[in-house]
Amino acid sequence: MQNEPGQSMYQLMQRLFPICRSITGNGVRESLAIIKEIIPLNIYEVPTGTKVFDWEVPREWNINDAYVLDEDGRKVIDFQQNNLHVMGYSVPVNEKMPLAELQKHLYSLKEQPEAIPYITSYYKERWGFCISEKQREQLKDGMYHVVIDSSLTEGSLTYGELIIPGESEKEIFLSTYICHPSMANNELSGPVVATYLSEWLLRQPRRYTYRIVFIPETIGSITYLSRNLAQMKQNIIAGFNITCVGDERAVSYLPTRYGNTLADKVALNVLKFRHPDFVRYTYLDRGSDERQYCSPGVDLPVASLMRTKYGVYPEYHTSLDNLELVTPAGLQGSFELLQECIEALEANRKYRVTCLGEPQLGKRGLYPTLSTKESGKLVRDMMNFIAYADGSNDLIEISNLIGVPVRTLHPFITSLVDNGLLEVVDE
Amino acid sequence: MQNEPGQSMYQLMQRLFPICRSITGNGVRESLAIIKEIIPLNIYEVPTGTKVFDWEVPREWNINDAYVLDEDGRKVIDFQQNNLHVMGYSVPVNEKMPLAELQKHLYSLKEQPEAIPYITSYYKERWGFCISEKQREQLKDGMYHVVIDSSLTEGSLTYGELIIPGESEKEIFLSTYICHPSMANNELSGPVVATYLSEWLLRQPRRYTYRIVFIPETIGSITYLSRNLAQMKQNIIAGFNITCVGDERAVSYLPTRYGNTLADKVALNVLKFRHPDFVRYTYLDRGSDERQYCSPGVDLPVASLMRTKYGVYPEYHTSLDNLELVTPAGLQGSFELLQECIEALEANRKYRVTCLGEPQLGKRGLYPTLSTKESGKLVRDMMNFIAYADGSNDLIEISNLIGVPVRTLHPFITSLVDNGLLEVVDE
Amino acid sequence: MQNEPGQSMYQLMQRLFPICRSITGNGVRESLAIIKEIIPLNIYEVPTGTKVFDWEVPREWNINDAYVLDEDGRKVIDFQQNNLHVMGYSVPVNEKMPLAELQKHLYSLKEQPEAIPYITSYYKERWGFCISEKQREQLKDGMYHVVIDSSLTEGSLTYGELIIPGESEKEIFLSTYICHPSMANNELSGPVVATYLSEWLLRQPRRYTYRIVFIPETIGSITYLSRNLAQMKQNIIAGFNITCVGDERAVSYLPTRYGNTLADKVALNVLKFRHPDFVRYTYLDRGSDERQYCSPGVDLPVASLMRTKYGVYPEYHTSLDNLELVTPAGLQGSFELLQECIEALEANRKYRVTCLGEPQLGKRGLYPTLSTKESGKLVRDMMNFIAYADGSNDLIEISNLIGVPVRTLHPFITSLVDNGLLEVVDE
């Protein structure tokens with residue numbers, strides 16, 4: 001399992017899938033409690049009304065049940081069947097009304113007649129039901145009894161945080177969101193990959209400290225930033241927003257505001273070798289918490305590494321984004337991609353060769369003594385590394401310059417440092 | 001007319017067309033007097049012999065009449081028919097000579113047998129007649145009586161200047177030339193567009209001061225620079241040389257010496273959205289007064305926005321560059337292009353968003369409260385603007401970064417500043 | 001001959017070809033003595049065991065004869081026929097052995113059955129014979145008498161150096177190697193071109209000092225650097241490694257470590273005009289003494305200009321790299337390419353035009369006084385040169401900006417300086 005957490009991640013996702021999450025409420029708490037069984041999360045509650053930058057923490061929303069009964073008392077829409085049926089943050093309602101009136105509160109997708117859309121109204125009081133277009137077409141004229149047993153009350157916004165200390169106070173930041181009801185790629189793939197990356201990190205030697213957060217999207221990242229900004233700006237050297245990491249159709253990268261941070265650098269380096277056909281978005285395509293992390297004045301180096309990006313796949317924000325769309329292999333690939341980025345960050349230093357001219361590798365047993373027309377790729381890579389180990393480039397830059405993955409170079413470096421041919425240049 | 005000056009510009013061109021202009025003389029004075037009926041030009045006279053940088057103001061050239069009579073006394077060449085027939089700056093002549101001798105003074109174009117070429121000899125004393133190749137072929141052997149009733153005398157070089165003050169002493173500079181006889185795209189399109197841009201600017205609120213000059217090409221810009229260089233270098237932030245702005249075949253851009261000034265920046269930004277298929281020349285293709293404005297030590301930020309560029313269209317510097325080549329629509333398009341550049345310069349500031357994280361547009365009525373799968377292009381543009389409004393980019397740079405014209409962004413900005421979400425960063 | 005040294009270079013190569021060179025030994029001394037007949041080389045000897053950076057000077061290797069006799073006493077392999085037959089630095093041997101044992105010491109190329117490979121073992125004691133695959137297939141079972149009459153003794157490493165002083169202490173550096181036995185493109189083309197470039201330089205007026213070295217590859221450049229590094233780092237402004245300059249199949253360029261030195265700049269400028277289809281390698285493709293000259297801490301601006309690069313042509317490091325592969329025309333072209341680079345370096349200064357605005361070339365007799373539709377390319381080039389002669393660009397940069405070779409611009413410049421229109425800007 002430790003090397004192949006794909007199945008474990010998938011099983012965790014199966015457990016989290018049925019829970020009705022929103023940006024506040026018991027669904028988030030229940031989800032975080034399950035994750036806490038695996039990693040030692042700290043859970044925080046931020047009261048309704050707390051000012052967070054330009055926003056304030058909204059009232060807490062909870063829901064027990066919701067349905068629509070026809071004249072025969074049959075449930076024609078039933079929250080118990082799929083929690084997407086209720087518009088997120090719907091106010092309570094218990095009314096009888098004709099179909100014409102009910103229609104004003106129904107949401108469906110003409111172009112995807114089988115799909116239940118995911119709709120929310122966090123900041124304006126409304127109620128509504130989301131159903132498939134097919135289901136909608138079957139509704140007959142008549143009176144309906146509409147019940148949403150929800151509550152909007154003073155309460156709090158809940159998030160989870162895990163700080164894993166390393167040798168340095170400098171931090172690598174991982175953020176994922178946990179505010180969507182039953183959808184798999186966006187969003188549950190994010191929390192499950194973040195959970196198992198944390199589980200792996202807890203078992204590694206660590207140069208850097210890791211700050212990992214499970215938050216509601218937008219209001220959660222704003223809330224978290226408003227409470228931790230100074231420390232985050234001081235310490236975070238690179239971070240990733242983990243979202244849409246579950247399917248197998250693509251590997252995608254979305255940069256920071258200017259695409260010039262260490263997070264971008266390591267992501268592009270690892271992707272170049274691992275997924276040369278990756279999809280490269282621009283910051284204009286953003287849509288998740290990098291909107292906050294990379295905003296002016298916040299300016300954190302947080303990029304996104306994804307599978308198929310939110311918004312660009314047909315199942316996005318519908319009931320079709322389900323457990324069939326996401327696979328253990330999809331999760332595993334994302335886990336390994338982020339793992340390789342983290343390993344590259346941990347290994348990334350500036351090195352300087354200690355002798356002038358090329359070192360004589362032969363006398364140290366590092367070079368074939370017989371010169372033939374064929375020269376080994378391995379020796380070539382090592383000599384190329386040494387050629388650029390002039391103290392001005394870090395390891396990722398050398399990897400880019402010589403076209404060899406950091407993972408391939410790392411063992412060389414250990415051996416060259418051991419032989420005294422290479423020294424770390426302190427920054 | 002105020003919004004559609006194309007017709008007015010064309011009518012002004014019709015009035016100016018018959019006048020015989022040169023780099024000095026009464027043709028220039030007469031032309032400037034007509035323009036002064038529309039805008040309050042100041043007219044300057046610079047005496048012959050005045051040292052201007054490496055040059056000196058030449059003698060003034062005027063011409064009353066010119067013709068060639070055959071043995072039967074018929075005018076086979078007649079200045080009254082077309083003022084291109086006389087080589088510019090021809091010295092006076094009144095002689096009889098055989099055809100063979102006359103031929104040495106005739107200029108025509110084999111490859112354009114219908115066209116009268118435009119030829120001058122400002123700095124070496126000569127006389128000549130320019131005729132079509134067809135006309136030339138019809139000349140029969142025999143004696144001809146050649147008359148050019150011109151004068152080259154101590155006099156002055158004439159130019160027009162209009163300074164339109166704005167809030168700032170910083171200037172936007174517009175230069176056009178007025179030294180060619182009857183030709184339309186090169187050159188009369190330039191002065192007429194410059195005239196109506198001035199007329200429009202006089203009616204606008206103005207952040208910047210405008211310096212607009214109507215000068216003879218080369219010697220005129222050198223003369224003007226030699227009298228105003230210090231102030232121009234101190235104040236001018238961007239400028240345009242207005243030439244060849246009358247036909248409808250192309251939109252063209254010719255950069256400054258290094259292509260890196262504000263004039264280049266605004267021109268490229270406006271062209272990108274307005275005329276994505278514009279023709280991009282290099283400074284090596286230059287041929288007008290940017291040769292002086294952008295010369296080493298002068299270093300003014302003056303680019304050229306043109307229709308079909310001088311030198312690259314077949315009618316250039318011939319009698320075929322006439323009132324049919326230039327159209328009201330051609331003039332109108334150039335007017336609007338320059339207008340949009342000026343508006344962008346006027347609007348161009350650095351902005352900074354006043355809150356951390358994304359602002360909550362909803363509570364300010366700037367955002368749809370119902371979150372659906374579709375998000376408006378308008379909101380997207382506004383959020384993208386805010387994302388880069390970090391105080392480091394000016395408006396043109398943000399326009400480039402987010403792919404939205406300055407014209408589209410400008411109303412947003414007003415509304416965001418009014419809402420206190422945005423502040424101007426003083427440079 | 002002075003203008004067409006191709007034949008002279010080819011004849012010198014014919015003389016040097018039969019000599020058995022290695023990284024030490026009498027073959028090098030004999031070769032340098034022949035070159036010294038043409039240019040006043042200084043010959044240096046560096047004793048075995050001398051520490052040179054991470055290396056030490058190896059024992060000296062000499063060889064009198066070598067052969068393999070079959071049971072009938074016939075020489076089946078004979079060093080006298082081709083000195084490639086003996087593996088470089090073979091230890092002495094005089095033994096009888098069966099074919100099976102001999103096979104372990106034979107080197108041939110399956111994919112090039114006619115070629116004798118070139119093999120060395122400088123740093124591990126071995127002996128061996130190199131033969132064609134065809135020859136190898138003809139060896140019959142039986143006993144063989146193997147003789148290599150060589151010696152590995154305390155001695156010295158030999159190299160040649162020529163310093164040609166110029167007005168400035170700043171140096172241009174030329175390096176070539178002289179350590180390969182009978183092969184023509186790699187390597188003898190290098191020393192013969194370097195010899196005749198030196199011969200030419202000795203006859204030129206020189207702004208710069210020239211440092212020209214004939215050394216064994218790798219250990220020789222390391223040795224030379226270890227004895228001269230401080231002075232070289234202080235003085236050398238550009239240099240070229242001269243290797244593989246004899247065939248006619250390609251023109252190639254291999255940059256310095258970052259490709260950003262004056263050597264790169266001049267090479268790319270000259271190649272762009274002279275050989276626009278040149279092959280551009282990267283520093284990752286390196287394989288000669290730039291490995292030392294461009295190593296971290298040495299950091300000399302030494303690029304390579306080649307014909308077909310070592311390692312990429314099929315005859316490389318075999319007996320097929322012979323006097324047919326290299327031609328007088330191939331050598332001549334390389335000579336001229338390097339000559340043009342040197343001339344460009346000598347001419348390369350920053351210039352500034354002395355007047356504001358365009359100079360009036362007419363009054364100085366530098367411009368046609370009759371303005372016609374056609375304007376001369378020559379005038380255009382001169383005006384473009386003046387446009388960028390603003391004191392910020394050197395001549396090579398202006399050449400790149402305006403697309404005109406330095407060679408074409410140079411005569412203009414002299415004339416403009418003579419007219420007082422241009423001044424040199426001291427750096």
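As the structure is a prediction and not an experimental result, all values here were calculated from the model.
- In summary, Glu397(C) and Lys265(C) engage in a salt bridge, as defined by a charged side-chain N under 4.0 Å from a carboxylate O.
- Heavy atoms only, all atoms of each residue included: Glu217(B) and Ser288(B) are closest at OE2-OG, 3.0 Å.
- With a threshold of 4.5 angstrom between heavy atoms, Ser392(C) approaches chain B through side-chain atoms but not through N, CA, C or O.
- Minimum interatomic distance between Arg291(B) and Gly287(B) (heavy atoms only, all atoms of both residues): NH1-O, 3.1 Å.
- For Ile386(C), the part lying under 4.5 angstrom from a heavy atom of chain B is the backbone only.
- Only the backbone of Asp285(B) comes within less than 4.5 Å of a heavy atom in chain C; its side chain stays farther off.
- Contacts of Leu284(B) with chain C are made by both backbone and side-chain atoms, with heavy-atom separations under 4.5 Å.
- Minimum interatomic distance between Asn393(C) and Tyr388(C) (heavy atoms only, all atoms of both residues): ND2-O, 2.9 Å.
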